[in-house]
Structure formats: structure tokens, C-alpha cells
A.B. asks: 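Below you'll find the structure I mean.
Values below: all heavy atoms of this structure, side chains included; hydrogens, waters and symmetry mates excluded. Below, read A as the first sequence line, B as the second, and so on, with proteins coming before strands; counting in each chain starts at 1.
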Amino acid sequence: MEAEYNHKNIEAKWQAEWENQGLYKIADMVEGKQNYLTLVEFTYPSGNLHVGHWYAFTVPDIFARYKRMQGFNSLYPMGFDAFGLPAENAAIKLGEDPKTWTYEHMNKMRTQLCSMGTMFDWSREVVSCNPDYYKWTQMMFAKFFENDLAYRSNTKVNWCPNDMTILANEQVIDGKCDRCGSVVEQKNQEQWMLRITKYADRLIGDLENLNWPDSIKEAQKNWIGRSEGSEIGFQLVSDLPPTPSQGRGEAPGYITTGSRLYKELYEKALEMRSNPTQAEEALWKELKSNKQGVHFRRQHIIQNFIVDFLCLSKNLIIEVDGDIHDLQKERDEERTKILESLGYTIIRFTNNEVIENVDNAVRNILEKIKELGDAKVLPLGEDLGEVSLADVKIFTTRADTLFGVTYAVLAPEHSLVQDLKEKISNWTEVEKYIFDTKNKSELDRQQNKEKTGVCLKGIFAVNPANNERVPVWVADYVLAGYGTGAVMAVPAHDERDFEFATKYNLPIKEVIEKPKYFPDSKPYTEYGIVKDSISWMDGLLSQDAKKEIVEELEGRGLAKEVKTYRLRDWGISRQRYWGVPIPIVYDPQGTAHAISAEHLPWLLPTDVDHKPDGTAPLARSKELFERTEKIFGKGWTPEVETMDTFVDSSWYFYRYLDPKNENEFCSKKKMKAWLPINLYMGGAEHTTMHLLYSRFWTKALHDLGMVNNTEEFTIRRNRGLILGPDGEKMSKSKGNVIDPDEIVERLGADTVRMYLAFMGPYGVTTNYPWDPNGVVGIRRFLERVWRFVAKNVSGKNNIDEPVWLSPAGRPEDPRKDSFLPETFNSRSIHKTIKKVTEDIENFKFNTAVSALMICLNDFEKSENISIEDIKVFLQLLAPFAPHMTEELWHTLGESKSVHLSTWPKYDESKIIDESFTVVVQINGKVRDEFIVGIDVGEEEVKNMALVREKVKKWLGGAEPKKIIYIKNKLVSIVV
RNA sequence: GCCGGAGUGGCGGAAUGGUAGACGCGCACGACUCAAAAUCGUGUUUCGCAAGGAGUGAGGGUUCGAGUCCCUCCUCCGGCACCA
């Protein structure tokens with residue numbers, strides 16, 4: 001045995017030897033062994049291994065090796081996610097063919113990966129760009145198509161102008177392309193979609209039983225974004241002049257809007273607001289700066305009343321004198337003129353009446369209406385005999401605020417906007433607004449959140465709860481893709497609506513108490529008292545109120561409870577070359593047909609210039625078109641788009657189980673043997689992408705009868721990143737990149753593996769900085785192990801007889817009690833077995849390494865260590881440092897691989913200490929400690945504590961009130 | 001803003017409600033050496049000569065006892081975000 005640890009020789013030697021032996025070739029089934037599948041995400045053949053790869057692959061390898069030694073038939077597979085943009089872009093840059101580039105880099109990376117000393121079973125390698133792999137990707141897509149899980153749709157898509165392709169929502173980060181960072185544009189385009197939304201509920205529900213971190217579960221739920229609410233029908237009406245003779249006539253009560261009068265007054269009010277006096281301006285300012293301004297709110301409500309009550313009747317105007325703010329006075333003359341010319345009566349309340357108590361003011365108003373007797377108010381839509389132009393469904397989770405609606409908003413893309421353009425008097429303005437919004441990039445939308453919108457003049461929406469007529473706006477703060485693309489705006493209870501209403505001077509109406517009226521029931525609103533501080537999204541309104549309102553409207557067919565999702569269907573079309581061709585052909589009429597299994601794989605053509613120009617390169621393939629016509633007939637054309645690579649990675653793990661199968665993507669038998677996957681370790685960046693897609697894929701395959709399970713990833717743990725020594729993300733520009741090849745060359749793969757395991761707990765998303773000194777510390781440890789074995793073992797490696805390394809410590813009969821000699825070290829090794837085993841189970845590789853270090857420290861201090869103990873130690877170290885331990889294992893006379901040996905078991909009786917340190921606390925502070933034997937009883941220990949000098953001193957003669965004894969730990973004395 | 005997670009020495013990090021700082025790095029001193037490196041040994045939260053005191057982001061609370069449990073707040077990291 002060499003005196004010095006030479007990692008280069010050892011690692012090269014054993015990697016070759018293992019390869020020779022086929023040590024890591026794992027059978028599908030082994031008699032008497034349970035299968036255990038440890039999965040890590042297969043890798044992109046970027047062409048160069050970085051520290052991140054080492055962290056991702058070598059630490060889970062420790063786990064897989066440990067499981068194997070524990071007696072499991074442990075599989076740890078690897079493959080290449082070989083289609084996709086980076087490879088393609090790199091190839092283009094170098095003027096190469098993506099295929100050549102990819103295969104070259106895969107070869108290079110395979111060699112690099114082998115240098116890690118992992119137990120990857122390369123006989124099961126999966127390469128997503130191989131036709132015998134993507135054949136199955138295509139087959140699955142075709143099945144999805146036939147079962148309405150794949151469809152073509154013209155939607156707004158995220159377009160990356162640099163990569164010249166569509167991106168999925170998941171691939172847009174902060175409005176930028178997640179690959180190249182370009183600002184993503186919005187574009188309308190046809191593309192292939194997968195109906196992941198159909199699985200939204202199951203994707204949420206099935207999270208329940210997965211052993212995944214809560215953070216991932218929450219993130220997925222969040223991403224899917226289910227919210228439960230109601231869809232409520234609002235009628236859209238035009239503003240035809242009123243026809244007083246029609247309608248319900250006698251029903252007394254409160255109405256607000258409707259009729260030409262409303263229109264006139266509403267517009268007048270708007271004008272007032274858009275062209276305010278100084279006093280009004282001051283008020284708006286106050287509103288904007290002090291959202292909870294009571295003073296304002298009061299006044300504001302009054303103002304709303306003014307607007308509303310202005311419209312109370314055909315011949316009655318009720319007005320609150322607002323001269324305290326100089327608001328109304330100024331306008332009085334003008335308004336009175338208009339009103340009187342229309343033949344209205346004006347009733348005026350003094351400002352004091354209102355300001356003192358708004359509630360009373362309201363009541364007074366109502367009283368006065370009653371007194372007048374003939375003040376008749378007609379519900380809109382009925383009395384006017386207006387024709388409904390259209391129904392618009394809005395989505396809300398706050399149906400309880402229905403009585404606070406003061407306007408409605410349609411998304412600019414909403415189809416009704418186009419449908420009603422004849423009725424919209426300011427169409428030019430509206431059209432321009434829509435055009436402008438369309439051209440906003442995703443980034444613009446996200447960064448510039450100043451609300452904008454245009455009123456659809458000539459159209460009103462009718463609130464079904466109270467038949468109130470409210471104006472309709474288009475605004476891009478309402479998203480076309482969410483809910484129904486239309487909302488009811490309740491500025492008093494929604495911050496966004498509030499902001500918008502404030503900007504455009506729209507009324508704000510607060511619903512304070514449970515609303516009590518519908519057109520058919522008690523006809524007034526309880527506005528209640530405005531409290532001093534009410535927040536915007538207050539929780540004042542109960543679930544009951546919500547339920548009541550929705551039920552009432554449901555009864556009239558105007559509402560229904562619905563669930564809506566943030567999740568969009570998955571757009572998989574890519575206008576790029578290096579991907580799976582979508583297996584669809586179009587007949588001469590343009591109807592899409594899935595390509596049947598006999599023609600799969602539907603090969604990626606090679607006769608194209610694949611430089612991206614925004615159109616699909618496959619469209620330029622003569623061969624592809626000829627092939628299509630040849631097989632399907634004249635006039636048939638191929639689909640020219642390729643698939644998102646997340647499709648490839650959605651099912652790759654199935655293929656590991658049956659990589660050579662030509663008839664099925666994976667036999668059911670093999671699935672049954674290996675699935676579900678026991679452990680899936682990977683990067684946090686896949687939380688709402690790969691992990692979600694893949695779960696969907698499995699469920700879809702399951703529903704099509706193609707796989708057994710609905711979830712395949714039993715345990716998932718996300719890992720963090722390895723940062724540069726400066727604590728920053730590694731990047732060339734920062735010059736903090738650690739090159740693993742260089743470190744492996746200098747210190748060895750075992751050192752790097754073990755250092756990565758030692759950095760901190762695995763399976764949490766903490767990022768750890770690479771410490772160049774820290775890694776040397778691990779190297780030192782391995783050298784110490786080497787020297788320790790070399791020093792003690794030379795010439796004494798007879799494995800039949802436990803060898804006592806120090807003659808002085810040799811006992812009479814080393815096998816008296818067990819096959820392991822009874823020594824201090826025996827206890828030490830048993831403790832270490834326990835600790836390392838438990839820590840690996842919990843992915844706490846760092847403390848497992850620490851336990852091994854402590855064990856070696858003990859060994860070095862000790863006089864006599866048996867060969868058996870050393871061997872156990874090597875076994876425990878083997879998953880971490882597979883090469884070195886293999887070498888030493890053989891040095892100790894073993895002929896079979898240490899990695900095939902059985903994980904040692906500890907003996908509980910060997911771990912128990914004979915004595916322990918009792919800590920004495922007095923009033924919670926540690927004052928003394930002493931050692932007692934394991935079998936000393938509670939009373940005795942307490943008494944021993946009480947008579948100790950230090951304890952007496954601290955007690956100062958005081959009588960203990962209470963003495964608490966914790967077995968084998970402490971005595972706590974309370975005075 | 002919402003949802004997760006985390007705040008412990010100079011650093012990475014340890015601690016079933018029971019001696020805070022295991023293990024490693026770094027640093028200091030010592031041994032070996034002509035010397036250096038390597039290696040080995042000793043020490044290393046902080047204030048204090050000591051006895052002793054303080055100490056796990058801040059402030060409260062529960063407890064004989066809190067890094068750990070509860071409440072309020074602050075900071076950092078990750079995810080989502082005009083989602084009605």
C-alpha cells in the first residue's frame with residue numbers, strides 16, 4: 001500500500017474497473033431485493049460540467065449508494081435532455097449542425113460525468129433527441145390530440161424576439177425570456193396547446209399525499225391559482241331616451257340611473273370632476289394622499305348621493321348643499337339652469353344636516369321622498385323599455401359587494417367590445433386604446449402599472465342586483481385571460497378599482513352593511529354609517545351576504561358559482577428547428593390529423609437552413625413536404641412546428657426503466673417494478689415548470705390507460721445553488737467561477753463529492769458559497785483516513801482474524817461478546833453507524849460527514865482499533881468517497897467491491913454510556929456538573945447534587961422549592 | 001401586496017424544550033525543520049486578571065428551563081402578483 005493518497009491513480013483505476021465489472025448495471029428485478037429508484041433531472045448537454053452539476057448529481061449518488069448497500073436494488077439513472085435552444089444557439093454561433101454539436105457534447109459530458117464516480121447506470125441512458133425516444137414523445141402527443149388534450153388555438157402568445165420563438169407562460173420571468181433575457185413581446189398566433197387546465201383541480205388535490213416540501217406545494221397551488229367565485233350576468237344596454245309611459249310604474253323607491261337624464265347628469269358630473277374647481281382639486285388630492293381620509297369619504301359619499309339622487313325621479317332633484325367645500329355652490333347656477341329647463345324640482349338639504357350625520361341625512365332624504373308622495377322612481381331597463389344589447393358575464397369573488405358597483409370594465413381584448421362597436425359613440429378613441437394596449441410588451445404591462453382606460457360611450461351595464469345602470473369602460477388592468485375578461489368595479493372595496501375610479505373621477509360607493517334589497521324586495525340601500533377607518537378590502541361583509549346574493553341571482557338565472565384559474569393551457573409550439581417535430585399533418589382542407597404509429601418516428605428533416613427567422617424552419621424542408629405527400633397524398637402538408645423541450649422531459653423517467661423497448665415506451669411490468677419513483681432530487685427552478693408539466697403528463701397518460709399511477713414522484717426535495725467564493729452566483733463576468741475539472745485534477749473526485757455533501761443540509765433551497773479552504777479541509781480528512789489505514793494496517797491484513805493494531809490493547813478474547821471486539825472504539829463505531837445512517841436518511845449529509853470525522857478523531861486518539869472497525873468505517877465512508885474506500889477496502893484484503901457490501905448495523909447496547917454528566921441548574925442557570933453512573937436512581941442523583949459545594953454556595957442556605965430531574969441529563973433546582 | 005423559507009462566532013454550519021456554537025474553515029501559539037511547506041498538538045462567542053456576567057435579528061409572553069413553543073415587529077432569500 002502506498003504511503004500517500006494518490007487520488008488520480010485510484011480514481012482512474014476504479015472507474016475503469018467498475019466499468020469492466022458492470023458494477024452499476026442494475027437489473028430490473030432481483031430476487032429478494034426491493035427496488036429503489038433515485039432520480040435526478042437529466043442533464044442538458046451544454047458541453048461543460050460545472051460545480052452545479054456536481055452538486056446535483058454526486059450528493060444524491062451518496063444516497064443511491066447507501067440504499068444499495070442497505071440491500072435495495074438501487075437504480076440511479078442519467079440521460080440527456082438533448083433538444084432545445086441553448087444547444088441550437090451554440091451550434092448556430094459556431095456554424096455547426098445542432099445534431100453534430102449535441103452528440104459531440106454529449107460524448108464529452110458523459111466522460112465528465114463518469115469522472116464524478118457516480119453509480120449512473122449508463123446502459124439505461126435516455127437521450128431525448130434520439131428518434132427511438134422522440135418516437136414515443138410523438139406517439140403520446142398523437143394520443144393527446146385524439147383525446148382532445150391537444151388542440152390548436154389562436155391565442156396571445158409570449159414571443160421572444162431574440163430566440164424567435166413562442167414561450168410558455170412559465171418561461172417568461174419578469175416579462176423577460178428565461179433563457180436569453182430579452183423583453184418578451186405579445187403576439188397573436190396559432191399554436192398547439194395542451195389542456196393542462198383540465199387537470200387543474202387534480203393537480204392541486206393530489207399534492208396532498210405527496211411527500212414534497214410545502215414550499216413547492218404552495219408554489220404550485222399558487223401558480224394554478226384557483227379561486228372560487230361567481231359569474232354574474234350584467235346586461236349591456238344603450239342609452240336610448242326614456243319612455244316614461246312604460247315600465248313598472250308604481251313601485252316606489254330608489255333608483256339611480258337610466259334615461260337621458262342620467263346621461264346628462266352623469267356627463268355633467270364627469271365634466272365637473274374632470275374640470276374641477278380649486279376646492280374640488282384639493283379634495284381629489286386629499287383622496288389620493290390619504291386613502292382612509294374620513295373627512296373626504298364623508299364628503300365623497302355625499303357627492304355620490306348627489307349624483308344618485310339627482311336622478312331620483314322625473315321631476316325631483318334632491319341636493320345636498322355642499323358649500324362647506326365650495327363644491328356645489330359654484331356649479332349651482334349652471335346645473336339649476338339645466339335641471340329647470342328639463343322641468344325638475346330641487347330639494348335642498350343643508351350642509352350641516354349631512355355633515356353631522358350622513359346616516360341621518362340619508363334617512364331624511366328618504367323621508368322627504370315619502371313626504372312628496374308622488375316621487376316615482378322607475379327601475380331601469382324595465383321602465384325604459386330598453387333593448388338589451390348583450391349579456392356580459394363578469395367574474396367576482398366578492399358578490400357581496402355587488403351593491404357597491406359603480407362601473408364595469410371589459411378587457412381590451414374582450415369580444416363584446418368589437419361586437420358593439422356600432423353602438424359605441426367614441427369608437428375611434430376606443431379603437432386606439434385597444435391598439436395601444438396590444439402593442440404593450442409584457443414588461444411594459446408589468447412595470448407601468450398606472451391604470452388607463454376608455455369609457456365606452458353610449459353603453460351602460462345593468463347591475464342585476466339593483467337594476468342600477470353603470471358606465472362601461474375598457475381598461476387593460478382587466479386581463480382578458482382571467483375569469484371572463486370582464487369585471488364589475490367596486491372602488492370602495494377594491495384597491496385597483498379605487499385607483500381607477502380616482503383617476504377617472506368615477507363614483508365610489510361603499511357597502512357597509514349587509515345589503516337588503518333586490519328589485520323585488522325592500523327597496524333601499526342601507527349605506528350605514530361611514531366608520532372612521534375602513535380599509536379597502538375589508539372583511540365586513542359576510543359569507544352569508546355573499547351566499548344570499550348569489551343564490552338570489554342564481555334563482556333568476558343571472559349568476560352561477562364558478563371556479564377560475566390562473567393557470568393557462570400549455571402552449572408547446574416552437575418555431576425552431578432543434579426539437580421534436582409535432583406529429584400532425586393537414587389534409588387539403590386544412591384539417592389536422594395525427595400521424596399514426598406506423599409512421600413514427602416522424603423524423604426531423606435535415607435539409608433545412610435552421611437559422612431562426614421567426615418562421616418555423618421545417619416549413620423550408622422540401623423533404624418533409626415530399627414525405628408528407630408521399631405518405632398521405634397530394635395536397636397534404638406537414639405541421640412545421642417543433643415541441644417545447646419540457647414535453648421531452650415530462651416523461652423521460654419512464655424510459656429509463658425500459659430504454660430499449662421498441663414496442664412500447666415502457667412495459668407495464670417494468671413500470672410496476674420501479675414506480676412510483678422513491679426519491680426525486682432536483683433544482684428549485686423546476687417547481688412550476690417541469691414538476692407541474694410532468695405531473696400533468698402522468699395524469700394524462702394515466703387517464704389514457706398508458707401508465708398505472710397518477711403521481712410518480714413520491715418524495716421530492718429541491719436543492720439550492722453553489723455560489724462563488726464571494727457569495728455571488730457564479731458567472732464569468734464576475735470571475736468567481738469554480739472549475740470542477742481543475743479541482744478534481746488537484747484534489748480528486750472523492751474530495752469534491754464529500755465537500756459538497758459537507759456544505760450544509762441537502763434538499764433545502766439554501767445556497768452555499770464555495771470555500772476553497774473548506775474543500776482542502778475535506779482533502780485533509782481523506783488523507784488522514786488514508787494515513788491512518790496505511791500506518792496501522794501494513795502487513796497485518798489478515799481478514800479472518802480481527803487484527804489488533806496495537807499489541808498493548810489486545811484483550812484476552814476479542815470475540816467474547818460479539819464478532820466486533822469490545823473496545824472503546826467499538827462503541828465509537830457503533831455510534832457512528834447510527835448517526836451516519838440516520839443522517840443519510842434525512843438528507844443531512846453534512847452531519848453524516850461530521851460524524852465520520854469525529855469517528856476518525858476517536859480512532860486516532862485510541863490505542864487499539866480492530867481491522868473490523870476500520871472496515872466498518874470504510875463502509876460508512878464508501879458512499880461519500882467511493883474510489884478511496886474501494887482501494888482501502890481491497891487493501892484490507894477484501895476481493896469484492898465495498899459498494900456491494902452490506903451496510904453495517906449498530907448494536908444499541910454498544911452505544912449506551914456507562915456514566916453521564918449531570919448538569920445542575922439553579923433557577924435555570926447552569927451552576928455545576930458531575931458524573932454519575934448510568935444506574936444511579938433519581939433520588940440519589942438529586943441528593944448528590946444538593947450536597948455539592950458549588951451548589952450549596954449558590955443556594956446560600958435557601959431551601960429548594962422544587963427539584964426537577966431529567967433522566968441522564970440534569971437536575972434543576974428552583975429556590 | 002400575497003404565499004413560502006430563513007436570521008446562531010470572523011466564515012459554512014451543529015443543537016428530541018435540558019451544558020448554545022458539534023464538525024470543518026480561518027486565525028493564534030507550540031512541536032518538528034537551518035528554514036519554509038506539509039504534518040502533529042493546544043487554544044479560539046464575547047466582556048473580565050479572576051470570581052462571574054452577557055449572548056442565537058428586535059421586543060414581549062409561556063416554562064424550573066427557550067436558538068427551539070406563542071404573540072408583535074424588523075431584515076434577507078425564493079415564488080406569485082393589476083388574478084377581480
A.B. asks: Hunt down the Watson-Crick or G-U wobble partner of B:C32, both distances under 3.5 Å, from any strand shown, or write none.
C.D. replies: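 Partner of B:C32: none.
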
A.B. asks: Hey, is the side chain of A:Ser227 poking within less than 4.0 Å of OP1 or OP2 on B:A84, counting only N and O atoms?
C.D. replies: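 Checking A:Ser227 against B:A84: at least one side-chain N or O falls below 4.0 Å of OP1 or OP2.
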
A.B. asks: Is it the case that the side chain of A:Arg566 and the backbone of A:Trp223 share a donor-acceptor pair, with hydrogens and angles ignored and the cut-off at 3.5 Å?
C.D. replies: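 Yes: the side chain of A:Arg566 pairs with the backbone of A:Trp223.
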
A.B. asks: Can you find a donor-acceptor pair, distance only, under 3.5 Å between A:Gln921 side chain and B:G18 base?
C.D. replies: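 Flag set: donor-acceptor pair detected.
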
A.B. asks: Nearest-Å distance, NZ (A:Lys831) to C1' (B:A22)?
C.D. replies: 13 Å

A.B. asks: Tell me what A:Lys967 touches on the nucleic acid: a base, only sugar-phosphate, or nothing, going by heavy atoms under 4.0 Å.
C.D. replies: nothing

A.B. asks: Heavy atoms only, 4.0 Å cut-off, all strands: where does A:Gly777 land among base, sugar-phosphate and nothing?
C.D. replies: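 The answer is sugar-phosphate, as A:Gly777 gets under 4.0 Å only of primed atoms, P, OP1 or OP2.
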
A.B. asks: From the options B:G53, B:U39, B:C82, select the nucleotide whose nearest atom is closest to the side chain of A:Arg780.
C.D. replies: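 Selected nucleotide: B:U39.
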
A.B. asks: Quickly work out the A:Ile722 CD1 to B:C11 P distance and round it to whole Å.
C.D. replies: 19 Å

A.B. asks: At under 4.0 Å, does any side-chain N or O of A:Tyr482 touch on OP1 or OP2 of B:A84?
C.D. replies: yes

A.B. asks: Find the distance A:Lys844:NZ to B:G24:C1' and express it as a whole number of Å.
C.D. replies: 16 Å

A.B. asks: What's the closest nucleotide to the side chain of A:Ser972 if the choices are B:C64, B:A14, B:A81?
C.D. replies: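 Between B:C64, B:A14, B:A81, the one nearest the side chain of A:Ser972 would be B:C64.
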
A.B. asks: Can you find a side chain N or O atom of A:Lys221 that sits less than 4.0 Å from OP1 or OP2 on B:C83?
C.D. replies: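 No, because none of the side-chain N or O atoms of A:Lys221 sits under 4.0 Å from OP1 or OP2 of B:C83.
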
A.B. asks: Using OP1 and OP2 only, check whether a side-chain N or O of A:Arg787 sits under 4.0 Å from B:C40.
C.D. replies: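 Affirmative; the distance criterion is met.
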
A.B. asks: Given atom OH of A:Tyr768 and atom P of B:C77, what is their separation to the nearest angstrom?
C.D. replies: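 It works out to 17 Å between those atoms.
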
A.B. asks: Counting the atoms with a prime plus P, OP1 and OP2 as sugar-phosphate, which does A:Phe758 contact under 4.0 Å by heavy atoms, base, sugar-phosphate, or nothing?
C.D. replies: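 Here A:Phe758 touches the bases of the nucleic acid.
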
A.B. asks: Between B:U16, B:A14, B:A84, which nucleotide has the shortest distance from any of its atoms to the side chain of A:Pro761?
C.D. replies: B:A14

A.B. asks: Quick one: look up who B:C82 pairs with, Watson-Crick or G-U, both distances under 3.5 Å, and put none if it's unpaired.
C.D. replies: none

A.B. asks: Measure from the side chain of A:Lys969, starting at C-beta and using heavy atoms only, and say which of B:C82, B:G18, B:U39 lies closest.
C.D. replies: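 Of B:C82, B:G18, B:U39, B:G18 is nearest to the side chain of A:Lys969.
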
A.B. asks: Look at A:Asn857 and B:G24 and indicate whether a side-chain polar atom (N or O) is within less than 4.0 Å of OP1 or OP2.
C.D. replies: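 For B:G24, OP1 or OP2 has a side-chain N or O of A:Asn857 closer than 4.0 Å.
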
A.B. asks: Counting heavy atoms from C-beta on, name the nucleotide in B:C82, B:A51, B:C25 closest to the side chain of A:Lys953.
C.D. replies: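 Among the listed nucleotides, the one closest to the side chain of A:Lys953 is B:A51.
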
A.B. asks: With respect to the phosphate group of B:C11, does any side-chain polar atom (N or O) of A:Asn773 fall under 4.0 Å of OP1 or OP2?
C.D. replies: no

A.B. asks: Contact class for A:Thr917 (heavy atom, under 4.0 Å): base, sugar-phosphate, or nothing?
C.D. replies: base

A.B. asks: Using heavy atoms to find the nearest nucleotide of RNA chain B for A:Thr484 and A:Arg566 separately, return the residue whose nucleotide is more 5′.
C.D. replies: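 Result: A:Arg566.
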
A.B. asks: In whole Å, measure the gap between the P atoms of B:G21 and B:G67 for me.
C.D. replies: 12 Å

A.B. asks: Heavy atoms only, 4.0 Å cut-off, all strands: where does A:Arg784 land among base, sugar-phosphate and nothing?
C.D. replies: sugar-phosphate

A.B. asks: Could you tell me the Watson-Crick or G-U partner of B:G7, where both distances fall under 3.5 Å? Say none if there is no partner.
C.D. replies: B:C74

A.B. asks: Tell me: CG of A:Asn718 to C1' of B:G4, nearest whole Å?
C.D. replies: 12 Å

A.B. asks: Do the non-hydrogen side-chain atoms of A:Leu852 and A:Phe781 ever get within less than 4.5 Å of each other?
C.D. replies: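 Yes, side chains in contact.
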
A.B. asks: Describe the nucleic acid contact of A:Val487 in one word from base, sugar-phosphate, nothing, applying a heavy-atom distance below 4.0 Å.
C.D. replies: base

A.B. asks: Taking any heavy-atom pair under 4.0 Å as a contact, classify A:Ser850: base, sugar-phosphate, or nothing.
C.D. replies: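 Answer is base: heavy atoms of A:Ser850 come under 4.0 Å of a base.
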
A.B. asks: Both distances under 3.5 Å, Watson-Crick or G-U wobble: report the partner of B:A14, or none.
C.D. replies: none

A.B. asks: Quick check: on RNA chain B, is the nucleotide nearest A:Glu783 upstream (toward 5') of the one nearest A:Ala219, or the reverse? Name the residue that is more 5'.
C.D. replies: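 Looking at RNA chain B, the more 5' nearest nucleotide goes with A:Glu783.
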
A.B. asks: Is it true that A:Lys831 and A:Asp858 make a salt bridge, defined as a side-chain N closer than 4.0 Å to a carboxylate O?
C.D. replies: no

A.B. asks: How should the glycosidic conformation of B:G9 be described, syn or anti, under the criterion that syn lies within 90° of 0?
C.D. replies: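 Nucleotide B:G9 adopts syn.
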
A.B. asks: Scan A:Trp770 against the nucleic acid and name what it touches under 4.0 Å (heavy atoms): base, sugar-phosphate only, or nothing.
C.D. replies: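 A:Trp770: no heavy atom of the nucleic acid under 4.0 Å.
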
A.B. asks: When the P atoms of B:C23 and B:U16 are considered, how many whole Å apart are they?
C.D. replies: 16 Å

A.B. asks: Is it true that A:Glu208 and A:Lys221 make a salt bridge, defined as a side-chain N closer than 4.0 Å to a carboxylate O?
C.D. replies: no

A.B. asks: Can you tell me if the side-chain N/O atoms of A:Arg779 get under 4.0 Å from OP1 or OP2 in B:A38?
C.D. replies: no

A.B. asks: As a test of reading the structure: which of B:U19, B:A81, B:G18 is closest to the side chain of A:Val926, going by heavy atoms?
C.D. replies: B:U19

A.B. asks: Which of parallel (below 30°), tilted (30 to 60°) and perpendicular (above 60°) describes A:Tyr693 and A:Phe646?
C.D. replies: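 If you compare the ring of A:Tyr693 with that of A:Phe646, the planes turn out tilted.
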
A.B. asks: So, are A:Lys834 and A:Glu838 salt-bridged, with charged N and O less than 4.0 Å apart?
C.D. replies: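 Looking at A:Glu838 together with A:Lys834, the answer is yes, because their closest N to O distance falls below 4.0 Å.
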
A.B. asks: Describe, in one word, how the ring planes of A:Phe859 and A:Phe873 are oriented to each other, choosing from parallel (under 30°), tilted (30 to 60°) and perpendicular (over 60°).
C.D. replies: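 Plane angle between 30° and 60°, so tilted.
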
A.B. asks: Between A:Lys942 and A:Glu938, is there a salt bridge with N-O shorter than 4.0 Å?
C.D. replies: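 Yes.
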
A.B. asks: Could you give the CD-to-C1' distance, from A:Glu495 to B:A81, as a whole number of Å?
C.D. replies: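 Answer to the nearest Å: 13 Å.
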
A.B. asks: Send over the distance from A:Trp212 CH2 to B:G5 P, rounded to a whole Å.
C.D. replies: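 Result: 17 Å.
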
A.B. asks: Verify whether the ring centers belonging to A:Tyr407 and A:Tyr504 lie closer than 6.0 Å.
C.D. replies: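 No, the ring of A:Tyr407 stays outside the 6.0 Å limit from the ring of A:Tyr504, centre to centre.
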
A.B. asks: As a test of reading the structure: which of B:C64, B:C83, B:G13 is closest to the side chain of A:Lys962, going by heavy atoms?
C.D. replies: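 The nucleotide sitting nearest to the side chain is B:C64.
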
A.B. asks: Out of B:G53, B:G12, B:C82, which nucleotide sits closest to the side chain of A:Arg927?
C.D. replies: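 So the nucleotide nearest the side chain must be B:G53.
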
A.B. asks: Report the nucleotide, chosen from B:C23, B:C3, B:C80, that has the shortest atom-to-atom distance to any side-chain atom of A:Glu218.
C.D. replies: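 When the side chain of A:Glu218 is considered, B:C3 is the closest of B:C23, B:C3, B:C80.
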
A.B. asks: For A:Asn767 and B:G5, what is the distance between atoms CG and P respectively, to the nearest whole Å?
C.D. replies: 17 Å

A.B. asks: Checking all strands, does A:Asn222 fall into the base, sugar-phosphate, or nothing category for heavy-atom contacts under 4.0 angstrom?
C.D. replies: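 Base contact - A:Asn222 has a heavy atom under 4.0 Å of at least one base atom.
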
A.B. asks: Look at the side chain of A:Arg398 and the base of B:A84, then say whether one donor and one acceptor between them are separated by less than 3.5 Å.
C.D. replies: no

A.B. asks: Between the side chain of A:Ser850 and the main-chain N/O of A:Asn846, is any donor-acceptor distance below 3.5 Å?
C.D. replies: no

A.B. asks: Counting the atoms with a prime plus P, OP1 and OP2 as sugar-phosphate, which does A:Ile966 contact under 4.0 Å by heavy atoms, base, sugar-phosphate, or nothing?
C.D. replies: base

A.B. asks: Partner lookup for B:G65, please. Criteria are Watson-Crick or G-U wobble with both distances under 3.5 angstrom; report none if nothing qualifies.
C.D. replies: none

A.B. asks: Reckon A:Lys950 touches a base, only the sugar-phosphate, or nothing at all at heavy-atom distances under 4.0 Å?
C.D. replies: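 No contact at all - A:Lys950 keeps every heavy atom at 4.0 Å or more from the nucleic acid.
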
A.B. asks: Are any of A:Lys925's side-chain N or O atoms less than 4.0 Å away from OP1 or OP2 of B:A54?
C.D. replies: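 The answer is yes; a side-chain N or O of A:Lys925 sits under 4.0 Å from OP1 or OP2.
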
A.B. asks: With both distances under 3.5 Å as the test, what is the Watson-Crick or G-U wobble partner of B:C27?
C.D. replies: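 B:G43 - that is the nucleotide pairing with B:C27, both distances being under 3.5 Å.
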
A.B. asks: Heavy atoms only, 4.0 Å cut-off, all strands: where does A:Thr397 land among base, sugar-phosphate and nothing?
C.D. replies: sugar-phosphate

A.B. asks: Determine the contact category for A:Pro213: base if any of its heavy atoms lies under 4.0 Å from a base atom, sugar-phosphate if only primed atoms, P, OP1 or OP2 are that close, otherwise nothing.
C.D. replies: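 Nothing, no nucleic acid heavy atom in range.
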
